[in-house]
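Got a structure here, written out as structure tokens. Questions coming.
By convention in this document, chain letters (A, B, ...) are assigned in the order of the sequence lines, proteins followed by strands, and residues within each chain are numbered from 1.
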Amino acid sequence: MTIRVWNSLTDKKEDLVPLTPGHIGIYVCGITVYDLSHIGHARMMIAFDTVVRFLRWSGLDVKYVRNWTDVDDKIIRRAGERGIDPLQLAQQFIDECHVDMASLNIAAADIEPRATEHIAEMHAIIEKLVARGHAYAVNGDVYFAVRSFPDYGKLSKRNLDDLLSGARVETGDIKRDPLDFALWKAAKPGEPASVTWQSPWGPGRPGWHIECSAMCQKHLGTTFDLHGGGKDLVFPHHENEIAQSEGASGLPLSRAWMHNGFVTAGDEKMSKSLGNFKTIRDLTAQWDGEAIRALLLSTQYRNPIQFGYDALAEADRRVDYFYETDGKAEAYLAQKKFTGEGREVASLKDAFRTAMEDDFNTADGLAQLLSTYTQLNVKIDGKGAPQDVADLRVTARALAAVLGLGWRDPKAAVLARRTLAAKRNSIDPAWVDERIAARLLARKEKRFADADAIRDELKAKGVELRDSIGGTDWRVPA
RNA sequence: GGCACCGUAGCCAAGUUGGUAAGGCAAGGGACUGCAAAUCCCUCAUACAUCGGUUCGACUCCGAUCGGUGCCUCCA
């Protein structure tokens, strides 16, 4: 089987054929760091983190580059409001984003380049564009001449005249064509020196799109396999990136383009400009990051996903199921004194692989994973052979890991998740323990009505009891 | 106005190189339990917004209509 990828450039699912056999170079447009990241960013990072995990699991050697855009108008403005240096502000939010990524089990990219570290590469591209007649300098600015690039619009499927009708034409514009965009912006009075660089056209700073052209080609070569980002980057960001890169090199930039759908709030896009976004930080204060990850993987990456707490709770219960089952398997194997190694079950791996090979269909992949855990439960409940349990457990953990789920020690995860859930529901664990002790006494004295009353009392607070031979445990289901 | 995308059971969601509807939640029944919870089993769409067309055959292709969203301006 081959991996099929929806290519936004051709609007078709295509076989993923690596440029260099066995190797994949992938560039993903990361975040412009001027604020805490929101759940839309989380989706983008999780989607491509999962893509990379799956490609590696499939035996490909992946070079994953995800950038930080650490210089732009918003960063400069926000830094000005706070009275700090723009680069300091950017660094602060890069650090914050790393914290968020850790809570969502998003691995670091192999290379996380920063725009400000690639000024020389940007200059080289711009000079080439000027030399080839694709760019022109005016008063210290340099613009890309959109009409000079016949392929302009090939990604977003627009023609220049359509664009022009919707374009904002500013009076006194020095551009030759309203659709031309800035490659280099001349420094303006009052802009901090830290974000001003010397250039062949005078002091200034990069335009919005040039940084990605510089970074992706420096780290992955003139042409590479995959380029990704959010759907909102199709136009103008990626369209302009193609124009710049291909205008300068004369060669295709990326073989395939991948774009993830939006996270919506209510029925509209969640975005910074609408102010209706949830930060990752807000959510992880109350919810387990793994539940957030499971929620965002429950829809195929290209489709929109509506953020809601019911769905989050459902995802959280699914994570419960994974760890409860994993813990049950661990306990079963310990009880049977099984010390062998589990072997991955080929049929289950194949089902999962088939699902994921179809454009990284994590919704389907999650269904296959769920089925693996169900089989594990069946095997344990049926007092199956320890080797079979071990095989299923190893398989489940391996497949879950491809999705970036189920990596924690089950006992520790269950406890940590219960603690968070208790906090979220304002439940005091000490009080729960006290009530459980009282119920235990009542049961011992066969006062079942009293015991049930306590159970109901706890239930009303959201605490569920689990009686077993080993004693009474408790959970706070989402 | 231009360019795209979406519309599958009460809810969420796969299926988009056409061949006769995954999975989850909820619901109902059962096993298990002192009662529960957890777990497992069973049931749950002659039907895929609507209307036409192409085809031996369409949720899947084409057209129209209705409804929703996104992009065209910073945005994952």
Side-chain angles (χ1 to χ4, degrees), chain A residues 4 6 8 11-14 28-32 34-35 37-48 72-74 77 153 156-159 161-168 179 208 228-237 239 259-264 267-274 277 295 298-306 308 310-311 313-315 317-318 320-321 324-325 328 351 355 358-359 361-371 373-382 443 446 448-449 451-452 455-456 458-459 463-468 472-475 477:
Chain A
R4 310 261 301 160
W6 181 272
S8 305
D11 281 339
K12 284 190 191 114
K13 256 184 215 173
E14 299 171 349
V28 172
C29 284
I31 294 170
T32 300
Y34 66 91
D35 206 343
S37 297
H38 58 68
I39 190 165
H41 298 118
R43 186 177 197 196
M44 176 274 289
M45 294 190 289
I46 287 169
F48 290 104
D72 96 328
D73 292 353
K74 298 209 168 185
R77 191 196 316 148
S156 54
K157 281 84 188 174
R158 294 156 210 242
N159 64 57
D161 297 322
D162 290 342
L163 281 168
L164 200 53
S165 68
R168 178 176 63 180
L179 297 173
W208 174 31
K231 256 196 173 82
D232 46 359
L233 296 185
V234 172
F235 190 91
H237 185 59
E239 195 68 62
H259 293 98
N260 65 273
F262 298 130
V263 177
T264 60
D267 48 13
E268 60 184 6
K269 178 187 170 188
M270 184 182 285
S271 77
K272 292 182 185 177
S273 50
L274 291 171
F277 60 91
L295 171 66
S298 68
T299 299
Q300 206 271 352
Y301 75 90
R302 279 188 288 120
N303 295 136
I305 183 168
Q306 192 166 142
D310 287 347
E314 191 179 323
R317 276 181 256 122
R318 183 166 294 187
D320 269 340
Y321 178 72
E324 295 285 357
T325 304
K328 200 162 113 180
D358 185 10
D359 198 25
N361 192 336
T362 55
D364 197 354
L366 216 42
Q368 302 310 321
L369 179 61
L370 204 63
S371 156
Y373 278 106
T374 299
Q375 291 185 45
L376 183 51
N377 267 309
V378 168
K379 192 59 80 177
I380 298 167
D381 290 353
R443 291 179 76 202
K446 303 272 187 230
F448 288 121
D452 289 351
R455 193 191 61 220
D456 292 343
L458 287 163
K459 175 92 182 166
V463 178
E464 269 178 14
L465 297 183
R466 296 190 182 178
D467 294 328
S468 70
T472 299
D473 202 358
W474 58 282
R475 294 286 186 272

So what does A:T374 touch, heavy atoms closer than 4.0 Å: a base, only the sugar-phosphate, or nothing?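 The residue A:T374 makes sugar-phosphate contact but no base contact.
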For the side chain of A:D358, counting heavy atoms from C-beta on, which of B:G15, B:C72, B:A13 is nearest? B:G15
Respond yes when some side-chain nitrogen or oxygen of A:N303 is under 4.0 Å from OP1 or OP2 of B:A14, and no when none is.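 Affirmative; the distance criterion is met.
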Identify whether any heavy atom of A:R317 sits under 4.0 Å from a base atom; if not, whether one sits that close to sugar-phosphate; answer base, sugar-phosphate or nothing. sugar-phosphate
Does B:G15 have OP1 or OP2 sitting under 4.0 Å from an N or O in the side chain of A:N361?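 So the side-chain polar atoms of A:N361 do come within 4.0 Å of the phosphate oxygens OP1 or OP2 of B:G15, strictly under.
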From B:G23, B:A76, B:C71, pick the nucleotide closest to the side chain of A:L370? B:G23
Hey, is the side chain of A:K74 pairing donor to acceptor with the base of B:C74 inside 3.5 Å?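 Present.
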Indicate, with a heavy-atom threshold strictly under 4.0 Å, whether A:G229 touches base, sugar-phosphate, or nothing. sugar-phosphate
Between B:A38 and A:S468, is there an OP1 or OP2 to side-chain N/O distance shorter than 4.0 Å?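 For A:S468, the contact criterion (side-chain N or O under 4.0 Å from OP1 or OP2 of B:A38) is not met.
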Tell me what A:K328 touches on the nucleic acid: a base, only sugar-phosphate, or nothing, going by heavy atoms under 4.0 Å.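 Touches sugar-phosphate only.
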Taking atom types as they are modelled, would you say the side chain of A:D364 forms a donor-acceptor pair with the base of B:G15 within the 3.5 Å cutoff? no
Can you tell me if A:K157 touches the phosphate of B:C5, counting only side-chain N or O atoms and a distance under 4.0 Å to OP1 or OP2? no
For A:T325, report the nucleic acid contact type (base, sugar-phosphate, nothing); a contact means any heavy atom under 4.0 Å. nothing
A:K157 and A:D11 ion-paired at < 4.0 Å: yes
Looking at A:R318 and B:G24, is any side-chain donor or acceptor paired with a base atom of the opposite kind under 3.5 Å?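 Not at all, since no donor on one side and acceptor on the other fall under 3.5 Å apart.
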By the definition side-chain contact (heavy atoms from CB on, under 4.5 Å), identify the one residue from A:T362, A:N361, A:I46, A:D359 that meets it with A:Y301. A:D359
Side-chain N or O of A:Y373 less than 4.0 angstrom from OP1 or OP2 on B:A38?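 Looking at the OP1 and OP2 atoms of B:A38, neither is under 4.0 Å from any side-chain N or O of A:Y373.
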